[in-house]
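Structure first, commentary second.
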Amino acid sequence: ADAIDATKIADDAISEEHLDATAITGSTELAAVPASTDELLISDAGTLKRIDATHILPKFVRTGTFSGTDCSMDGCFSSTYKSYVIFAQIINTGTDNTFINMRFRESGGGVNSSNRNNSFIYSIGSGSTTVSCLSQDTASGNTHRLSVGDDINETYVYQINITNVQGNNIFYSYTAGTEDWVNGKSQNIKGSGKHYSDGTNILGIDFVTNAGTAVSGEGACYAIQYN
């Protein structure tokens, strides 16, 4: 058969009727989020152009989820990204007047214990203008307190921003809405803290009560792309 080369094809001569879907479906599957420098072909107002994937990739990449009675995520942090946002709702299903703790996890799901300090301010929706504060500062610990004293079987909503420098300091800030145990009013919380992992890479996170009693919930972790 005659070979077809560029001399036999006029400019702008190849149209959709000469293309088969196997030009795409027959190619090797990427099966992953494209790298920022991967290229795609688009029509820009009728003109074919190539574009780097970085211009169309989402700036939030989901890196982990949890649902049910195991409120943990392993592998949601990595050296690929530095900043993360966690959206979670946690239900204290075990005991009245306990509070939710956050813990950082290392390889294999082990809980990392190291120097940590944190504080949060809170107010209670009872008509009072009082704002109170709680804080922690220990040379070796693995829990970061996220609430005051919660009512059983209420849903508590968290948004947690985390900067995870692998093998070093982890800084976080968060906001939360819960229910106060004393008078059943809303509890409005804003806090921040630091966890020094002392050379250990932090790869995951979990949520438990201070009494070790049952919790359930669901949540997701998203990495933020800055480029």
Side-chain angles (χ1 to χ4, degrees), residues 60 66-73 76-77 82-105 111-165 169-197 202 204-222 224:
F60 283 80
F66 69 85
S67 180
T69 57
D70 180 8
C71 296
S72 67
M73 291 182 284
C76 59
F77 304 137
K82 300 300 184 212
S83 298
Y84 300 82
V85 180
I86 293 175
F87 299 96
Q89 54 182 13
I90 311 294
I91 305 172
N92 170 16
T93 57
T95 307
D96 279 324
N97 199 22
T98 55
F99 54 83
I100 301 298
N101 281 326
M102 175 176 67
R103 305 185 302 181
F104 294 104
R105 295 158 70 99
V111 176
N112 183 262
S113 293
S114 192
N115 179 284
R116 50 82 196 240
N117 57 77
N118 57 78
S119 65
F120 62 83
I121 58 174
Y122 67 95
S123 60
I124 297 174
S126 58
S128 170
T129 58
T130 300
V131 176
S132 303
C133 177
L134 283 173
S135 66
Q136 296 173 300
D137 185 9
T138 62
S140 182
N142 59 30
T143 59
H144 294 259
R145 185 171 179 172
L146 297 183
S147 60
V148 184
D150 306 325
D151 202 1
I152 192 172
N153 292 328
E154 294 292 340
T155 300
Y156 314 126
V157 181
Y158 296 95
Q159 178 178 324
I160 307 167
N161 305 294
I162 296 176
T163 297
N164 179 21
V165 180
N169 290 328
I170 294 172
F171 294 95
Y172 66 88
S173 64
Y174 72 98
T175 56
T178 73
E179 181 176 283
D180 174 63
W181 159 243
V182 176
N183 53 28
K185 303 296 184 179
S186 64
Q187 201 181 101
N188 308 292
I189 301 171
K190 183 174 180 63
S192 63
K194 182 186 83 170
H195 185 91
Y196 180 60
S197 61
I202 297 301
I205 198 166
D206 66 21
F207 301 92
V208 297
T209 68
N210 63 303
T213 49
V215 296
S216 66
E218 57 185 352
C221 180
Y222 294 86
I224 303 173

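When reading the values below, keep in mind they use all heavy atoms of this one structure, side chains included, and skip hydrogens, waters and symmetry mates.
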Assess whether side chain to side chain contact (heavy atoms under 4.5 Å, CB included) is satisfied between Phe60 and Ile224, documenting all intermediate values.
CA-CA 5 Å; Phe60 283 80; Ile224 303 173; 3.8 Å; yes
What verdict does the side chain to side chain contact (heavy atoms under 4.5 Å, CB included) test give for Ile86 and Tyr158, after you've listed the backbone C-alpha separation in whole Å, the side-chain angles of each residue and the deciding distance to 0.1 Å?
CA-CA 8 Å; Ile86 293 175; Tyr158 296 95; over 6 Å; no
Could you give me the CA-CA distance, side-chain angles and deciding distance for Val215 and Ile100, then say whether side chain to side chain contact (heavy atoms under 4.5 Å, CB included) is met?
CA-CA 9 Å; Val215 296; Ile100 301 298; 4.1 Å; yes
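Note on ring orientation: taking the six-membered ring where Trp is involved, the planes of His144 and Phe104 are perpendicular (angle over 60°, cut-offs 30° and 60°). Taking the six-membered ring where tryptophan is involved, the planes of Phe77 and Tyr84 are perpendicular, since the angle between them exceeds 60° and thus also 30°.
A pairwise comparison of heavy atoms in Ser123 and Val131 identifies CB-CG2, 4.5 Å as the closest pair. Residues Asn210 and Asn101 share a closest heavy-atom pair of CA-ND2, 3.6 Å. Nearest heavy atoms, Phe66 versus Gly217: CE1-C, 3.7 Å. Closest of all the heavy-atom pairs between Ser72 and Asp206 is CB-CB, 3.5 Å. Considering every non-hydrogen atom in both Ser216 and Thr93, the closest pair reads OG-CG2, 3.6 Å. Residue Lys190 comes nearest to Thr175 through the heavy atom pair NZ-CG2, 4.2 Å, listed as atom of the first residue, atom of the second, then distance.
For Arg145 and Phe120, the positive end is not near the middle of the six-membered ring at less than 6.0 Å and at most 45° from its axis.
Atom CG of Leu146 is separated from atom CG of Leu134 by 12.0 Å, given to the nearest 0.5 angstrom. Atoms CD and SG, from Gln89 and Cys71 in turn, are 10.0 Å apart once rounded to the nearest 0.5 Å. With rounding to the nearest 0.5 angstrom, the OG1 atom of Thr138 is 3.5 Å from the CZ atom of Arg116. In this structure, Ile189 CD1 and Ile121 CD1 are separated by 10.5 Å, a value rounded to the nearest 0.5 Å. Rounding to the nearest 0.5 angstrom, the gap separating the CD1 atom in Ile202 from the CD1 atom in Ile170 is 4.5 Å. Rounded to the nearest 0.5 Å, atoms CD1 (Ile160) and OG (Ser173) are 9.5 Å apart.
For His195 and Tyr172, the ring centers sit 6.0 Å or farther from each other.
Ser114 has its side chain out of reach of Ser197: every pair of non-hydrogen atoms, C-beta onward, lies at least 4.5 Å apart. Side-chain contact between Thr98 and Asn92 is present, with at least one heavy-atom pair separated by less than 4.5 Å. Contact of the Thr143 side chain with the Phe99 side chain is not registered, since no non-hydrogen atoms from C-beta on lie closer than 4.5 Å. A 4.5 Å side-chain heavy-atom check between Cys221 and Ile205 finds every atom pair outside the cut-off.
Without hydrogens or angle criteria, Gln187 side chain to Val148 main chain gives a donor-acceptor distance under 3.5 Å.
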